[in-house]
Q: 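Pasting a structure below so you can have a look.
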Number of protein chains: 2
Amino acid sequence: MFSKACEYAIRASTYIALKSLEGTRVSLKEIAEKIDSPVAFTAKVLQQLSKNNIVDSVKGATGGFQISTQNISNIKLAQIVYAIDGNNVYEGCGLGLKKCNANEPCPVHDKFVQIRADLKNMLENTSLYDMTIGLEEGLTSLRR
Amino acid sequence: MFSKACEYAIRASTYIALKSLEGTRVSLKEIAEKIDSPVAFTAKVLQQLSKNNIVDSVKGATGGFQISTQNISNIKLAQIVYAIDGNNVYEGCGLGLKKCNANEPCPVHDKFVQIRADLKNMLENTSLYDMTIGLEEGLTSLRR
DNA sequence: ATTAAATAGGATAAAATTGTCCTATTTATA
DNA sequence: TATAAATAGGACAATTTTATCCTATTTAAT
Ligand code: FES
Ligand code: FES
């Protein structure tokens, strides 16, 4: 469904959001540990998220990653997926034709666009804040 | 969503089904041409489909691939996807956790399982015969 | 029998994705 | 000012996926 990079991106952003709500900035090292991801690879993903203004990075000692309270509410999973995996999830053909096109549809087009729309809808309506709910209480998890 | 191999598998099976309904067997070369896929790679995919009894292969001159009328009705996309991509589509976690598990869910679990169920449902209820409807008349396409 | 056309399958190669390592830069603090 | 801790980013390595090439085998038809 999503690339590994994108899975890490969502999990990392969620963890950063959680800690930002608690008022603390988090280091790459801590993030990778808490979401169980390879450190250096996660660094690349975070760089991309930073460039896309999805997370804020602070350099230097005591630096780290954070997300503003406003952005925690405003940023949706759809933006993260788009930043890392591009628009294939939203516009790609289920059977791999170059362009999904209702005018010359593949045999699964009608059924596929519905599922894709549901997925898109879910991603567009799930904020980072939504993602953090239940995390602190251990009702949901970012590792294992 | 699906691997390239799986996309080719679905398109190839659909084309073979179409021609089998017309009573003719088709060669690898013709298949690759009609679904716009790399010949040798498609051969590997067809080998796998043959091993999984999704398509029948006939060796030798005048040989080729075909699917029995019964199987055209009975074989569902779900079987093809499973044969090529395994069960990740059906059982994998949306955020890449090792196991999707309702007892220790990731933050998107509840929403994700629904979408996954819809997809699974669609794949389990779409037969190769369904896939061929509209193809002959050009209402749907396997290339472009 | 020979030939030609087809699939089967092993060995590689190319490309994309995933992952690692090292150095540069930034910045708080001692 | 020196140091230590942090991100940024370039270069590279490993793995997986995708694609190609070549040979063996099968089989219909001449
Ligand atoms: S053309 Fe294939 S999903 Fe739209
Ligand atoms: S645990 Fe992530 S989708 Fe079920």
Side-chain angles (χ1 to χ4, degrees), chain A residues 1-13 15-16 19-20 24-33 35-67 81 83-86 88-89 92 95-96 98, chain B residues 1-13 16 19 24-33 35-67 81 83-86 88-89 92 95-96 98:
Chain A
M1 178 85 39
F2 307 124
S3 68
K4 279 284 163 201
C6 188
E7 292 170 353
Y8 297 149
I10 295 174
R11 277 149 60 193
S13 303
Y15 182 71
I16 297 167
K19 300 302 274 190
S20 292
T24 68
R25 188 182 289 159
V26 281
S27 71
L28 164 64
K29 199 180 150 198
E30 179 180 346
I31 294 167
E33 199 169 280
I35 71 169
D36 192 22
S37 65
V39 178
F41 190 65
T42 304
K44 303 295 188 191
V45 171
L46 286 169
Q47 266 179 54
Q48 276 203 264
L49 292 178
S50 176
K51 281 178 184 165
N52 282 274
N53 298 114
I54 288 166
V55 305
D56 300 325
S57 82
V58 178
K59 284 185 174 182
T62 78
F65 297 90
Q66 61 192 22
I67 308 177
V81 172
I84 306 294
D85 281 351
N88 203 53
V89 181
L95 298 189
K98 287 192 192 85
Chain B
M1 178 85 41
F2 306 125
S3 67
K4 280 283 164 202
C6 189
E7 292 171 352
Y8 298 149
I10 295 173
R11 277 150 59 193
S13 303
I16 297 167
K19 300 302 274 190
T24 67
R25 190 181 288 159
V26 281
S27 71
L28 164 65
K29 200 181 150 197
E30 178 180 346
I31 295 166
E33 199 169 280
I35 72 170
D36 192 24
S37 65
V39 179
F41 189 65
T42 304
K44 303 294 188 191
V45 172
L46 287 169
Q47 265 180 54
Q48 276 203 266
L49 293 179
S50 176
K51 281 178 185 166
N52 282 274
N53 298 113
I54 288 167
V55 305
D56 300 324
S57 82
V58 178
K59 284 186 174 182
T62 78
F65 297 91
Q66 60 192 23
I67 308 177
V81 172
I84 305 296
D85 281 351
N88 204 54
V89 181
L95 297 189
K98 288 193 191 84

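First the proteins, then the strands, lettered A, B, ... as listed; each starts at 1.
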Q: Under a 4.5 Å cut-off applied to non-hydrogen side-chain atoms, are B/Ile16 and B/Leu46 in contact?
A: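 Counting from C-beta outward, B/Ile16 and B/Leu46 do come under 4.5 Å.
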Q: Whole-Å distance between C/dT18 P and A/Ile84 CD1?
A: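 Answer to the nearest Å: 11 Å.
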Q: Assess whether side chain to side chain contact (heavy atoms under 4.5 Å, CB included) is satisfied between A/Tyr15 and A/Glu30, documenting all intermediate values.
A: CA-CA 10 Å; A/Tyr15 182 71; A/Glu30 179 180 346; 2.5 Å; yes
Q: Does D/dA8 have OP1 or OP2 under 4.0 Å away from a side-chain N or O of A/Gln47?
A: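 No, because none of the side-chain N or O atoms of A/Gln47 sits under 4.0 Å from OP1 or OP2 of D/dA8.
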Q: Between B/Ser13 and B/Ala9 (side chain of the first, backbone of the second, donor and acceptor by atom type, cut-off under 3.5 Å), is there such a pair?
A: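 Between the backbone of B/Ala9 and the side chain of B/Ser13 there is a qualifying donor-acceptor contact (under 3.5 Å).
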Q: State, with a plain yes or no, whether a side-chain heavy atom of A/Thr62 is found less than 4.5 Å away from one of A/Arg25.
A: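 SC-SC contact between A/Thr62 and A/Arg25 confirmed.
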Q: How is A/Gly60 classified with respect to the nucleic acid when contacts are heavy atoms under 4.0 Å: base, sugar-phosphate, or nothing?
A: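 Touches a base.
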Q: Could you state the atom-to-atom distance from NZ of B/Lys51 to C1' of C/dG10 in whole Å?
A: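 Answer to the nearest Å: 11 Å.
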Q: Find the distance between NZ (B/Lys44) and CD (B/Gln48) and round it off to the nearest 0.5 Å.
A: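 Answer rounded to 0.5 Å: 10.5 Å.
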Q: Specify the residue among A/Lys59 and B/Leu46 whose closest nucleotide of DNA chain C lies further upstream toward the 5′ end.
A: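 Nearest-nucleotide comparison on DNA chain C picks B/Leu46.
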Q: In whole angstroms, how far is the C1' atom of D/dA6 from the CD atom of A/Glu33?
A: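 It works out to 16 Å between those atoms.
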Q: How many Å lie between CD on A/Gln66 and P on D/dA6, as a whole number?
A: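 It works out to 14 Å between those atoms.
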Q: The side chain of A/Leu28 lies closest to which of these nucleotides: D/dG9, D/dT7, C/dT7?
A: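 Ranking D/dG9, D/dT7, C/dT7 by closest atom to the A/Leu28 side chain puts D/dT7 first.
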Q: Taking protein heavy atoms under 4.0 Å as touching, what does nucleotides 10-21 of chain D look like 5' to 3' if B marks base contact, S marks sugar-phosphate-only contact and - marks none?
A: BB------BBB-
Q: Rounded to the nearest 0.5 Å, how far does CG of B/Asn52 lie from CD1 of B/Ile54?
A: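 Going from CD1 on B/Ile54 over to CG on B/Asn52, the span is 5.0 Å.
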Q: Quick one: A/Ile35 CD1 to C/dG19 P, roughly how many Å, whole number?
A: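 Rounded to whole Å, this separation is 11 Å.
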Q: Over how many whole Å does the gap from A/Lys29 atom NZ to D/dA4 atom C1' extend?
A: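 Rounding to the nearest Å, NZ of A/Lys29 and C1' of D/dA4 are 13 Å apart.
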Q: CD1 of A/Ile67 to OG of A/Ser57: how many Å apart, nearest 0.5 Å?
A: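 Interatomic distance, A/Ile67 CD1 to A/Ser57 OG, rounded to 0.5 Å: 12.0 Å.
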Q: Would you kindly give the CD1-to-P distance between B/Ile31 and C/dA6, to the nearest whole Å?
A: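 To the nearest whole Å, that distance equals 12 Å.
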Q: Quick check for you: among C/dA8, D/dG9, C/dT26, whose closest atom lies nearest to any side-chain atom of B/Ser57?
A: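 Nearest nucleotide to the side chain: C/dA8.
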Q: Rounded to whole angstrom units, what separation is found between the CD atom of B/Glu30 and the P atom of C/dT7?
A: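 In whole Å, C/dT7 P and B/Glu30 CD are 10 Å from each other.
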